[in-house]
Amino acid sequence: MIDTADLREYLTYLASDELQGRRLGTEVDGLNMAADYLAANAARLGLIPGAPGYFQKVDVLAIEKDETNFVEVVDAKGKSKLTTHSMIELRSSEKSKSLQNLPVVFVGFADKLPDEDFKGKAVLVSQGTEASFKNRLFHWNNRMENERLEAIKSKNPEAVLLVTDPNDNTDKIFRQISSWFGRTRYQLGTQDQEEETPVILVRSEVADQLMGGKGKYHKFLTQLSVGKQQVPFTIEKRSLNLKTGKKTEKLNAKNVVAILEGSDPVLKKECVVLMSHYDHLGLDENGEVYNGADDNGSGVVTIMELAKAYTGLKERPKRSIVFLWVTGEELGMLGSNFYTQNPIVPLENTVACFNLDMVGRVFEKRDTVWNKSPKIVKDFDGVFALSNDAWPELAKINQKYCDELGLIPDTTLPAQFIRSSDHYHFHKNGIPILNYATGYHADYHKVSDEVDKINFAKMKRVAELCFLVSLEVANRGDIEKNKSDQ
């Protein structure tokens with residue numbers, strides 16, 4: 001019933017250079033080419049479109065730095081002393097925001113904040129600690145910085161400027177944080193855009209100009225560290241102008257949804273979801289293609305072959321089967337999030353979700369690079385089978401068919417793996433989930449994740465397991481889910 005020749009044919013196309021790594025927003029739209037391929041296959045099998053043309057439109061926003069944003073220091077007469085576009089917005093709203101003539105309160109390392117509010121003012125705070133300044137230790141303590149920033153924000157400033165250590169001559173901290181925050185961020189266009197107090201990381205030159213000139217900031221911190229200066233205080237004869245916000249672009253993303261209607265007049269209103277994400281990473285900085293044969297071409301084509309197996313049955317299952325290929329997993333599980341907010345079959349009628357993510361590899365010696373991970377790739381008989389407690393019977397059904405097929409399911413993954421792939425959005429809605437994977441290997445998220453490394457016989461075994469388990473679930477009578485599982 002499951003044909004390795006089909007699996008190879010599908011994957012050879014989906015993981016080819018022609019599709020340019022199946023990433024959202026690339027110049028060559030390989031992701032849409034993949035979606036068209038999946039839709040054409042669904043139509044060929046006679047599956048019902050779950051949305052017009054099999055495409056569920058997913059609103060995605062690409063959010064990136066606005067190069068026109070700036071911080072400007074002005075004197076009492078409004079004359080500019082410094083304007084810089086070199087700033088990192090640690091927090092800010094997507095919408096553009098301009099602030100003019102802000103008085104500045106300097107709080108040093110914010111060891112002790114005043115009782116009064118900062119409303120109508122900007123707050124200048126030193127990154128690090130007094131000890132790190134004295135000892136020239138250039139280290140970013142994320143937890144500490146966030147706690148200090150939240151404490152300052154609770155006093156309602158108009159903006160917060162976090163200033164790097166003036167001793168950091170190699171610009172280590174600014175470059176490190178820039179690498180984290182300089183990347184394009186993606187979110188669903190349906191998410192609310194809340195107002196956010198701008199929190200901006202700047203270099204010490206901004207503090208120099210606020211305090212009167214080059215070297216003034218270093219001199220002040222030196223005196224502060226030996227008790228010869230006190231904070232907080234309002235900086236005289238200087239104020240700030242600034243512009244913050246992000247550039248946003250709407251991207252046309254889509255899930256591919258196809259349905260096999262159930263045969264039972266009552267149970268067909270319920271469904272089993274068979275899901276995989278079809279996006280990947282695009283191109284690397286050298287233009288090489290991340291073909292993503294295993295991640296997640298293997299899951300995609302396995303669902304395609306399961307669709308063929310289901311349509312080839314002499315008698316359709318009692319419940320409907322939803323074949324769901326979701327977009328944007330690599331960008332934050334966007335497609336599965338959108339689907340659960342806008343389900344084709346109501347979530348209360350969704351009895352289980354099977355998520356296939358990386359199901360095509362068998363252990364090789366070089367995979368020991370993942371020895372410290374609980375999810376290192378399995379041998380030919382092993383498979384990760386992650387489930388929740390929404391319906392404990394699902395894990396029992398899975399064990400039964402693993403025994404029948406000679407597979408050894410690993411059900412010991414730590415709880416954080418519930419959040420690690422698209423099944424999470426079904427889990428958080430109380431739906432029983434079962435995630436199949438063969439594990440992390442040496443080519444994970446590398447350009448070397450190619451078709452020639454796929455073990456199609458192993459993929460066939462996972463497909464057979466998923467088919468047998470999902471078919472039994474689709475034909476079961478009443479399924480009593482635990483309502484408390486979240």
J.: Would you check if the side chain of Ser276 reaches a backbone N or O of Trp325 as a donor-acceptor pair within less than 3.5 Å?
T.: no
J.: Do Lys269 side-chain atoms and Asn349 backbone N/O form a donor-acceptor pair below 3.5 Å?
T.: no
J.: Find out whether His423 and Leu386 are in side-chain contact, i.e. whether some heavy atom of one side chain is under 4.5 Å from a heavy atom of the other.
T.: yes
J.: Going through the checks in order, is the side-chain contact (heavy atoms from CB on, under 4.5 Å) test met by Asn32 and Lys254?
T.: CA-CA 8 Å; Asn32 269 334; Lys254 60 187 71 165; 3.1 Å; yes
J.: With side chains defined as the heavy atoms from C-beta onward, is the minimum distance between Thr411 and Ser387 less than 4.5 Å?
T.: no
J.: Check for a donor-acceptor pair, side chain of Asp294 on one end and backbone N or O of Gly360 on the other, with a separation under 3.5 Å.
T.: yes
J.: Which heavy atom in Leu471 sits nearest to a heavy atom in Tyr310, and how many Å separate them?
T.: N-OH, 3.0 Å
J.: Using a strict 4.0 Å threshold on nitrogen-to-oxygen distance, state whether Lys153 and Glu150 make a salt bridge.
T.: yes
J.: Salt bridge or not for Glu472 and Lys400, using N-O below 4.0 Å?
T.: yes
J.: Mind listing the closest non-hydrogen atom pair of Glu158 and Pro198 along with its distance?
T.: O-CD, 3.3 Å
J.: Do side-chain atoms of Asp279 reach the backbone of Glu330 as a donor and acceptor pair under 3.5 angstrom?
T.: yes
J.: Checking salt bridge (charged side-chain N to carboxylate O under 4.0 Å, His left out) for the pair Arg461/Glu464: CA distance, chi angles, key distance, verdict?
T.: CA-CA 5 Å; Arg461 299 187 79 189; Glu464 289 170 341; 5.9 Å; no
J.: Would you call the rings of Trp370 and Tyr440 parallel, tilted or perpendicular, taking 30° and 60° as the class edges?
T.: tilted
J.: How far apart are the C-alpha atoms of Lys453 and Glu450, what are their side-chain angles, what is the distance that settles it, and do they pass the salt bridge (charged side-chain N to carboxylate O under 4.0 Å, His left out) test?
T.: CA-CA 6 Å; Lys453 296 185 177 75; Glu450 298 278 13; over 6 Å; no
J.: Does some side-chain heavy atom of Pro343 sit less than 4.5 Å from a side-chain heavy atom of Thr350?
T.: no
J.: So does Gly262 get a backbone contact from the side chain of Ser320, meaning a donor-acceptor N/O pair under 3.5 Å?
T.: yes
J.: On the 0 to 90° scale, with breaks at 30° and 60°, tag the Tyr444-His441 ring pair as parallel, tilted or perpendicular.
T.: perpendicular
J.: Got a second to check how far Asn455's CG is from Lys460's NZ, nearest 0.5 Å?
T.: 12.0 Å
J.: Closest approach of Val451 and Ala15, non-hydrogen atoms and distance?
T.: CG2-CB, 3.7 Å
J.: Within the supplied structure, the quantity of interest is the number of heavy atoms (other residues, nucleotides, ligands) at a distance under 6.0 Å from Glu480 CD; does it exceed 12?
T.: no
J.: Look up atom OG in Ser470 and atom OH in Tyr436, then write down how far apart they are to the nearest 0.5 Å.
T.: 7.5 Å
J.: Exactly one of Lys97, Lys246, Lys247 should register a salt bridge (charged side-chain N to carboxylate O under 4.0 Å, His left out) with Glu89. Which one does?
T.: Lys246
J.: Okay, side chain of Arg91, backbone of Glu196: is any donor-acceptor separation there less than 3.5 Å?
T.: no
J.: Please step through side-chain contact (heavy atoms from CB on, under 4.5 Å) for the pair Phe323 and Val256, ending with a clear verdict.
T.: CA-CA 8 Å; Phe323 301 96; Val256 183; over 6 Å; no
J.: Within a reach of under 6.0 Å around CZ of Arg175, are more than 12 heavy atoms found that belong to other residues, nucleotides or ligands?
T.: yes
J.: Measuring from Ser298:OG to Met358:CE, what's the distance to the nearest 0.5 Å?
T.: 7.0 Å
J.: Judged by atom type as modelled, is there a donor-acceptor pair below 3.5 Å linking the side chain of Asn41 to the main-chain atoms of Leu38?
T.: no
J.: Does Ser132 offer a backbone N or O that forms a donor-acceptor pair with the side chain of Thr129 under 3.5 Å?
T.: yes
J.: Between Arg366 and Asp443, is there a side-chain heavy-atom distance shorter than 4.5 Å?
T.: yes
J.: Are Leu11 and Val300 close enough that some pair of their side-chain heavy atoms sits under 4.5 Å apart?
T.: no
J.: Might you confirm whether atom CG of Asn252 has over 12 heavy atoms from other residues, nucleotides or ligands at distances under 6.0 Å?
T.: no
J.: Does Gly382 offer a backbone N or O that forms a donor-acceptor pair with the side chain of Asp379 under 3.5 Å?
T.: yes
J.: What's the separation between atom OG1 in Thr197 and atom CD1 in Ile200, rounded to the nearest 0.5 Å?
T.: 11.0 Å
J.: Could you walk me through whether His427 and Asn435 satisfy the side-chain contact (heavy atoms from CB on, under 4.5 Å) test, starting with their C-alpha distance in whole Å, then the side-chain angles of each, then the deciding distance to 0.1 Å, before giving a yes or no?
T.: CA-CA 11 Å; His427 161 77; Asn435 168 224; over 6 Å; no
J.: With rounding to the nearest 0.5 angstrom, report the CZ to CG distance, Phe417 to Asp357.
T.: 11.5 Å
J.: With under 30° as parallel and over 60° as perpendicular, where do the rings of Tyr37 and Tyr10 fit, or are they tilted in between?
T.: perpendicular
J.: Cation-pi between Lys172 and Phe138: NZ/CZ under 6.0 Å from ring centre and within 45° of the ring axis?
T.: no
J.: Quick one: does Gln56's side chain get under 4.5 Å of Ile344's, heavy atoms only?
T.: yes
J.: Does the pair Glu145 and Asn141 meet the rule for a side-chain hydrogen bond (donor to acceptor under 3.5 Å, both in side chains), with working shown?
T.: CA-CA 6 Å; Glu145 300 293 358; Asn141 184 325; over 6 Å; no
J.: Just wondering, do Asp449 and Asn291 contact through their side chains at under 4.5 Å, heavy atoms?
T.: no
J.: Can you check side-chain contact (heavy atoms from CB on, under 4.5 Å) on Thr26 and Leu31, steps first, answer last?
T.: CA-CA 9 Å; Thr26 55; Leu31 193 62; over 6 Å; no
J.: Does the side chain of Lys243 reach to within under 4.5 Å of the side chain of Asp66, using non-hydrogen atoms?
T.: yes
J.: With rounding to the nearest 0.5 angstrom, report the CG to CZ distance, Leu324 to Phe426.
T.: 5.5 Å
J.: Does Phe384 have Lys378 sitting over its ring (NZ/CZ under 6.0 Å from centre, angle to axis within 45°)?
T.: yes
J.: Check Lys308 against Leu45 and note the closest heavy-atom contact, atom names and distance.
T.: N-CD1, 3.8 Å
J.: On a heavy-atom basis, which atom in Ser420 and which in Met333 lie closest, and how many Å separate them?
T.: C-SD, 4.2 Å
J.: Tell me whether Asn286 at atom CG has more than 12 heavy atoms from other residues, nucleotides or ligands lying less than 6.0 Å away.
T.: yes
J.: Between the main-chain N or O of Asn69 and the side-chain N or O of His85, is there a donor-acceptor pair closer than 3.5 Å?
T.: yes
J.: Might you point out which heavy atoms bring Ile418 and Asn388 nearest each other, and give the distance in Å?
T.: CD1-CB, 4.3 Å
